[in-house]
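Within every chain, numbering begins at 1; the chains are lettered A, B, ... in the order of the sequence lines, protein sequences first and strands thereafter.
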Protein chains: 2
Amino acid sequence: MRILICNDDGIYSKGIRTLAERLASEFEVTVVAPDRPKSAVGHGITLHKPLYIERHDWGPDINVFAVNGTPADCVKIGVQLILADKLPDLIISGINEGSNLGTDIIYSGTVSAAVEGIIQGIPSIAVSLCGNVFTDFRYPADFTASLAQQVLRNGLDDDTLLNVNIPSHKREEIKGVSITSVGKRRYDSTYETRLDPRGRSYYWIAGKILDIPNSEDTDVHAISENRISISPVRFVLTHQEFIDTMKQWHIKW
Amino acid sequence: MRILICNDDGIYSKGIRTLAERLASEFEVTVVAPDRPKSAVGHGITLHKPLYIERHDWGPDINVFAVNGTPADCVKIGVQLILADKLPDLIISGINEGSNLGTDIIYSGTVSAAVEGIIQGIPSIAVSLCGNVFTDFRYPADFTASLAQQVLRNGLDDDTLLNVNIPSHKREEIKGVSITSVGKRRYDSTYETRLDPRGRSYYWIAGKILDIPNSEDTDVHAISENRISISPVRFVLTHQEFIDTMKQWHIKW
């Protein structure tokens with residue numbers, strides 16, 4: 001079975017290297033990842049500059065390519081160019097350093113690589129390690145390898161990806177696995193204002209996570225209980241009932 | 001009523017200027033837009049560099065700010081910093097030069113500004129002019145002003161934005177308004193390969209739109225019939241039924 005691995009922390013991150021080396025013992029692994037960190041890029045793609053592909057050497061078992069683009073670019077290039085003649089059976093994005101829970105999905109480069117995967121018609125998984133209490137990626141990589149086997153055996157629904165978040169705790173402190181819905185996350189609305197050496201103001205996004213209620217079936221709640229969260233994610237974009245409401249507006253043109 | 005205007009073509013584009021000047025006759029208008037074109041950036045936000053805000057002068061009736069960030073950054077800064085004490089009643093992103101139909105929504109900077117608007121809890125509209133047959137933004141701006149009045153009168157559902165696409169034809173050639181669902185768009189999978197002057201290969205995304213079937217209720221179909229399309233868009237991310245399926249997998253950890 002062939003797996004394409006991508007991420008948004010970039011080719012030099014520990015999470016992607018640990019995952020690729022672990023998966024290479026069971027699968028044919030190709031890595032295509034950004035040449036530098038690309039967090040919170042959302043689902044950007046690169047239309048206005050050309051992309052370069054650079055080969056890296058991680059030993060004989062893994063094909064590795066760095067691209068000067070976004071996570072979604074890397075998946076497109078992986079599927080449409082590098083693996084065009086032998087499409088991957090599965091795409092895995094990660095392992096991200098930091099959680100991607102609830103509304104984070106909208107901003108996340110990690111998840112956007114998996115979204116591009118399902119747009120390309122290939123089952124996809126995004127994997128994140130939550131927090132930095134214990135950033136050893138070996139257990140998360142083991143868990144991902146076993147989940148990959150199950151996904152390849154059972155299949156996913158069309159247009160569906162799995163968003164996986166793993167608590168950053170020792171294995172024996174993890175309480176179990178929950179299949180969850182996507183919760184809500186909001187950040188407080190602060191920008192830090194500073195003056196640069198030339199006297200101009202500049203601004204840093206400085207939002208902290210707000211403590212808003214999330215029901216027990218959500219990813220946010222599962223992680224707060226030290227459980228691994230797996231959310232099946234599908235982008236349903238049309239608000240069908242509101243179409244009927246709007247038809248009563250009698251919009252003139 | 002206060003309106004915050006953003007876009008992804010940047011502060012110097014004709015579409016945003018025409019829209020802002022048209023709306024200023026009826027509303028209190030603030031423009032916060034990227035200082036350069038930011039198409040296809042998706043829902044990126046800027047975490048790793050500071051943002052600068054530069055004031056522009058478009059006359060006494062409009063407050064205008066350029067930001068060295070993404071469309072989503074501009075909306076965050078507009079709501080959380082510039083208009084923090086007098087929140088906008090409505091956010092409008094556009095008028096974009098080029099359509100944002102179907103799956104394009106996932107990649108679109110134009111739509112992502114409206115998505116950030118609803119994350120901030122403010123009714124939001126994304127407006128795009130489809131194609132370049134007739135790029136006069138005056139009629140699209142008139143239509144947007146009238147739609148804005150209706151949205152302010154009737155309200156939108158929570159977490160719902162309107163994605164509006166207007167055919168690039170003369171007003172008298174436009175056949176009407178359709179309230180639509182979000183269709184499907186796919187691009188063919190080609191990268192153009194070239195050699196740079198130093199002999200290194202580089203790659204341009206060069207996908208053309210594929211002609212895939214779209215039902216009559218979709219945005220893609222409405223535009224093909226020279227009708228204005230308005231899709232109520234809401235991000236429902238959880239694939240609820242697949243949760244039950246996955247609970248049967250008995251995933252070990």
- Message: Using the rule given for side chain to side chain donor-acceptor pair (under 3.5 Å), can you reason through B:T110 versus B:D8, listing the C-alpha separation, both sets of side-chain angles and the distance that settles it, and then say yes or no?
- Response: CA-CA 5 Å; B:T110 306; B:D8 80 340; 3.1 Å; yes

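Counting heavy atoms from C-beta outward, B:I53 and B:L81 have side chains that approach closer than 4.5 Å. Side-chain contact between B:E225 and B:E216: absent, with no pair of heavy atoms (C-beta onward) separated by less than 4.5 Å. The closest side-chain heavy-atom distance from A:D104 to A:L101 is below 4.5 Å. Side-chain contact between B:V111 and B:N96 is absent, with no heavy atoms from C-beta onward closer than 4.5 Å. Residues A:V164 and A:T144 have side chains not in contact (no heavy-atom distance under 4.5 Å, counting atoms from C-beta outward). Under the 4.5 Å side-chain criterion, counting only non-hydrogen atoms from C-beta, B:L129 is not in contact with B:E97.
Of the listed residues A:K76, A:H239, A:K252, the one with more heavy-atom pairs under 4.5 angstrom with chain B than any other is A:H239. With chain B as the partner, the residue from A:P50, A:G44, A:S201 showing the most heavy-atom pairs under 4.5 Å is A:P50. The greatest number of non-hydrogen atom pairs below 4.5 Å with chain A, out of B:T190, B:I106, B:V79, is found for B:I106. Your options are A:D244, A:I174, A:I228, and the one with the most heavy-atom pairs under 4.5 Å with chain B is A:I174. When each of A:N154, A:V233, A:V115 is checked for heavy-atom pairs under 4.5 Å with chain B, A:N154 comes out on top. When the candidates A:I105, A:I119, A:T180 are compared by the number of heavy-atom contacts under 4.5 Å with chain B, A:I119 comes out ahead. Counting heavy-atom pairs closer than 4.5 Å to chain A, the top residue among B:K175, B:R153, B:R194 is B:K175. The residue among B:F235, B:Y139, B:Y107 with the most heavy atom pairs within less than 4.5 Å of chain A is B:Y107. Of the listed residues A:L51, A:I205, A:L47, A:T46, the one with more heavy-atom pairs under 4.5 angstrom with chain B than any other is A:L51.
B:Q150 places a side-chain N or O within donor-acceptor distance of the main-chain N or O of A:W249, the cut-off being under 3.5 Å. Side-chain atoms of A:N163 come within 3.5 Å of backbone N or O of A:N100 as a donor-acceptor pair. With hydrogens and angles ignored, the 3.5 Å screen pairs a side-chain donor or acceptor of A:T238 with a backbone N or O of B:V182.
For a residue to count as touching a neighbouring chain, one of its non-hydrogen atoms must lie under 4.5 Å from one of that chain's; by this rule B:K38 does not touch chain A. Neither the backbone nor the side chain of B:N68 comes within less than 4.5 Å of any heavy atom of chain A. Heavy-atom distances place no part of A:T70 under 4.5 Å from chain B, backbone and side chain included. Looking at B:T103, the atoms closer than 4.5 Å to chain A (heavy atoms on both sides) all sit in the side chain, from C-beta outward. Heavy atoms closer than 4.5 Å to chain B are found in both the backbone and the side chain of A:I77. Contact of A:V151 with chain B is made through backbone and side chain together, with heavy-atom distances under 4.5 Å. Using a 4.5 Å cut-off between heavy atoms, A:R186 touches chain B through its side chain atoms alone. Proximity to chain B involves both the backbone and the side chain of A:Y202, based on heavy atoms less than 4.5 angstrom apart. With a threshold of 4.5 angstrom between heavy atoms, B:E116 approaches chain A through side-chain atoms but not through N, CA, C or O. With a 4.5 angstrom heavy-atom cutoff, A:L237 touches chain B via backbone and side-chain atoms both. When heavy atoms are compared at a cutoff of 4.5 Å, B:Q240 approaches chain A solely by way of its side chain, counted from C-beta outward. The parts of A:L156 that come within reach of chain B are both its backbone and its side chain, each placing non-hydrogen atoms under 4.5 angstrom from that chain. With a 4.5 Å cut-off on non-hydrogen atoms, A:E241 touches chain B through its side chain but not through its backbone. Residue A:D142: no heavy atom, backbone or side chain, is found under 4.5 Å from chain B.
Defined by atom type and a distance below 3.5 Å, a donor-acceptor pair is missing between the side-chain atoms of B:D35 and B:Y52.
Cation-pi geometry between B:R234 and A:F242 is not met: the NZ or CZ atom fails to fall both under 6.0 Å from the ring centre and inside 45° of the normal.
When all heavy atoms of B:S99 and B:N165 are compared, the pair lying nearest together is CA-OD1, 3.5 Å. For A:D73 against B:Y191, the heavy-atom pair with the smallest separation is O-OH, 4.0 Å.
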